[in-house]
Amino acid sequence: MSPSVVVLTGGVGGAKLALGFYDLVPKGRLSLIVNTGDDFEHLGLRICPDLDTALYTLSGRANPELGWGRANESWGFMKALAELGGENWFRLGDGDLALHVLRTQRLAAGERLSAVTAAFVRALGVRAALYPMSDDAVATMVASDDGELGFQDYFVRRCCEPRVRGLSFHGAERARLGGGAKAALAAPELAAIVIAPSNPYLSIDPILAVPGVRAALVAARAPVIAVTPIIAGKAVKGPTAKIMAELGLEPSPLAVARHYEGLIDGFVLDARDAALEARFSVPVWATDTLMTSLEDKQRVARAVLDFAARLAGGGR
Ligand code: GDP
């Protein structure tokens, strides 16, 4: 059987690398386990930002200008909503809205999130598996100088401005890892489990908080490899470096690797930080990890696979 790859991912940063793997791994052999801690109810709709980013990215529908939502989007709904005095801090394009309406309807009818997601994956022609980290609700809560905030309140409404004091994942202790995700993590033909360069605290930690995920990574025969979200002390986008500083951590790939200690067998470091190489406690592979073009994404994905093969070959 051809080798498979599992990627643990949040939104935009993780979806970039997932797209790199999409054309590299034989069709149907890529599985994403996606953060749902950012999910929320808005205007009566269930919104799953990271799942939707993955879905739009792999199906070629992502909006390259905005970095979220669908390409060629229209905004009639938002205009009408604002005119009527509705809440418009969270922008929903018309095409995007169709997805949220349908998902909300199907969930209300009793379907599981994983089944609804799988139906969308099929409908949009994606030949990879997209697993929500759990069908059970988990809510990322941000303890901040402005009190405890729901994730979207912090991230979108307040533009990540409040100072973060800590993060918690409500409901995670009772959440169950879905059967599909569990099977993907235990597959004998697995070539690598990849922790995408997503925000370790906001996007990856909620996944790791689901009981069974850490144990599955530790038990996996395939190498577990994390890719750095920090390049030369900065996040490529978003609040990763800001949150690290607020949590008293140096915004450095070393701190990210330390965060994943005990789970990872290797760390992909950016070439700009190659001077730090000797200070890691796991094997390191330094390469240019900045992913702008599709070629960049595939190049980084290929580097991860080469690294995994080297780690597997050398014994873990
Ligand atoms: P969000 O949920 O949409 O905020 O996205 P993620 O959590 O998946 O990703 C955010 C992280 O991805 C940030 O820490 C970025 O630094 C990182 N990131 C984004 N683009 C790149 C890239 O091209 N290369 C690397 N190495 N990291 C990236």
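Both counts, for ligands and for their atoms, begin at 1 and track the order of listing.
Other residues, nucleotides and ligands contribute over 12 non-hydrogen atoms within 6.0 Å of the CZ atom of R157.
The backbone N or O of P49 lies less than 3.5 Å from no partner atom in the side chain of D38, so there is not a single donor-acceptor pair.
Using a 4.0 Å cut-off between charged nitrogen and carboxylate oxygen, D288 and R272 count as a salt-bridge pair. Between K16 and D296 there is no salt bridge, since no side-chain N of the basic residue sits under 4.0 Å from a carboxylate O of the acidic one.
For a heavy-atom separation below 4.0 Å, the residues in contact with ligand 1 are G10, G11, V12, G13, G14, K16, D50, F155, P197, S198, N199, S203, T228, P229, I231, A235, V236, K237, T240, T289, L290, M291.
For E173, there are no side chain to side chain donor-acceptor pair (under 3.5 Å) partners, not counting sequence neighbours.
A cation-pi contact, defined as under 6.0 Å to the ring centre and within 45° of the axis, is absent between K182 and Y131.
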